[in-house]
Amino acid sequence: GSTKEDIESDLLRAMDNGEEGLVIKDLDGPWIAGDRSTNWMKIKPDYLKTEDLDVLLIGGYYGAGALRGGKISQFLVGIMESPPDVASSVGTPPQIMSFCKVGTGMSTSELEDVRSHLADYMHLEPPPNYNVTGAYGEKPDVWIWPPERSIVVRVKGDIRMIPTTTFATGYSLCFPRITGLRYDK
């Protein structure tokens with residue numbers, strides 16, 4: 001690749017494949033084992049300024065391939081919208097806004113545990129309290145509700161929020177990945 005977009009796309013692909021990152025090399029520079037010159041550089045998600053956020057799994061996408069094919073392998077996550085007046089919202093379900101998609105970071109056994117835990121709460125239609133855009137790329141194959149039965153996950157992502165029209169929050173994360181399951185929340 002030769003553009004920022006090419007590199008970003010390849011880094012996302014590497015992360016989805018469970019790879020560590022990318023090595024970018026100047027094609028005009030010689031390859032020398034152990035070289036630490038400016039002819040090459042490593043790009044890893046961990047090298048970016050990141051932040052840990054707790055988010056809620058609100059949808060699931062079926063994967064492809066031998067390991068993930070036919071199984072939920074990526075998730076739509078949401079964040080709770082703050083009610084304008086807590087006192088007036090008693091008895092009303094929390095409003096959840098779509099925020100980003102995430103599909104990396106869990107081990108195979110963790111992913112199986114999450115699928116098993118959520119199996120009875122996967123539906124074809126979203127509940128009315130999920131604030132979504134309906135944009136291409138947002139709509140999951142299954143919706144996870146009620147939110148009280150879903151799972152909160154810790155997501156690490158590039159701290160630079162990017163504007164988006166795909167998700168209801170209006171902003172999303174670059175390079176999100178799950179770093180922990182929060183069954184305590």
Side-chain angles (χ1 to χ4, degrees), residues 8-21 44-46 48 50-81 93-158 161-162 164-185:
E8 186 174 292
S9 174
D10 284 345
L11 182 57
L12 285 171
R13 190 176 312 111
M15 288 171 47
D16 284 344
N17 291 333
E19 297 166 359
E20 191 175 338
K44 293 181 170 186
D46 292 336
L48 307 171
T50 59
E51 185 68 36
D52 287 326
L53 301 170
D54 286 344
V55 295
L56 183 69
L57 301 180
I58 64 171
Y61 303 88
Y62 289 107
L67 292 176
R68 295 178 169 225
K71 301 175 186 174
I72 299 297
S73 61
Q74 190 176 32
F75 295 93
L76 175 64
V77 300
I79 57 175
M80 192 176 305
E81 189 173 350
Q95 294 296 305
I96 310 293
M97 298 185 298
S98 64
F99 180 53
C100 69
K101 291 194 309 191
V102 64
T104 59
M106 283 189 280
S107 69
T108 303
S109 64
E110 287 173 324
L111 185 54
E112 284 297 327
D113 288 345
V114 168
R115 288 180 192 135
S116 176
H117 178 85
L118 297 175
D120 292 338
Y121 309 110
M122 294 183 185
H123 308 277
L124 295 179
E125 296 297 324
N129 60 316
Y130 283 8
N131 183 354
V132 296
T133 65
Y136 177 79
E138 179 197 45
K139 186 177 186 290
D141 297 313
V142 296
W143 294 93
I144 302 165
W145 56 271
E148 298 83 12
R149 298 289 184 225
S150 188
I151 298 172
V152 172
V153 295
R154 181 174 297 122
V155 173
K156 182 180 281 279
D158 184 339
M161 295 284 198
I162 56 170
T164 180
T165 56
T166 302
F167 305 106
T169 55
Y171 289 90
S172 192
L173 292 175
C174 283
F175 311 122
R177 64 201 176 283
I178 295 173
T179 58
L181 302 173
R182 299 298 310 267
Y183 287 110
D184 61 316
K185 289 192 170 190

N/O donor-acceptor pair under 3.5 Å between K101 side chain and G137 backbone:
yes
Interatomic spacing from OG1 in T179 to CG in D52 - rounded to 0.5 Å
4.5 Å
pair L56-F99: side-chain heavy atoms closer than 4.5 Å
no
Euclidean distance, M80 CE relative to D54 CG, rounded to 0.5 Å:
11.5 Å
Does atom OH of Y183 have more than 12 heavy-atom neighbours, drawn from other residues, nucleotides or ligands, at distances under 6.0 Å?
yes
Do I144 and F75 come within less than 4.5 Å of each other through their side chains, counting heavy atoms only?
yes
Can you give me the closest heavy-atom contact between L118 and S150, atom names plus distance?
CD2-CA, 3.7 Å
State whether the side chain of W145 and the backbone N or O of E125 hold a donor-acceptor pair below 3.5 Å, judged by distance alone.
yes
N131 side chain to A168 main-chain N or O, any donor-acceptor pair under 3.5 Å?
no
Rounded to the nearest 0.5 Å, the CG atom of D113 sits from the CE atom of M106 at a distance of 10.0 Å
Considering all heavy atoms of both residues, which atom of E110 and which atom of G105 are nearest to each other, and what is their separation?
OE1-O, 4.2 Å
What I'd like to find out is whether the side chain of I72 reaches to under 4.5 Å of the side chain of M122, using heavy atoms alone.
yes
Working to the nearest 0.5 Å, report the span between CE of M97 and CG of N129.
12.5 Å
Please report the interatomic distance CZ(R154) to NZ(K185), rounded to the nearest 0.5 Å.
7.5 Å
Side-chain touch E138/F167, heavy atoms, less than 4.5 angstrom
yes
Could you check if a side-chain atom of V55 sits within less than 4.5 angstrom of a side-chain atom of C100, using non-hydrogen atoms only?
no
Would you confirm whether E112, through its side chain, and T108, through its main-chain N or O, come within 3.5 Å as a donor-acceptor pair?
no
Distance from Y171 atom OH to I162 atom CD1, nearest 0.5 Å?
11.0 Å
Between the main-chain N or O of R177 and the side-chain N or O of T104, is there a donor-acceptor pair closer than 3.5 Å?
no
Within the 4.5 Å heavy-atom criterion, are T133 and T165 side-chain neighbours or not?
no
Taking side chain as C-beta onward, heavy atoms only, is P94 less than 4.5 Å from E148?
yes
Would the number of heavy atoms belonging to other residues, nucleotides or ligands and lying under 6.0 Å from CZ of R149 be above 12?
no
Does Y136 use its side chain to pair, donor to acceptor, with the backbone of T166 at less than 3.5 Å?
no
Of the non-hydrogen atoms in V153 and L57, which two are nearest, and what is the gap between them?
CG2-CD2, 3.9 Å
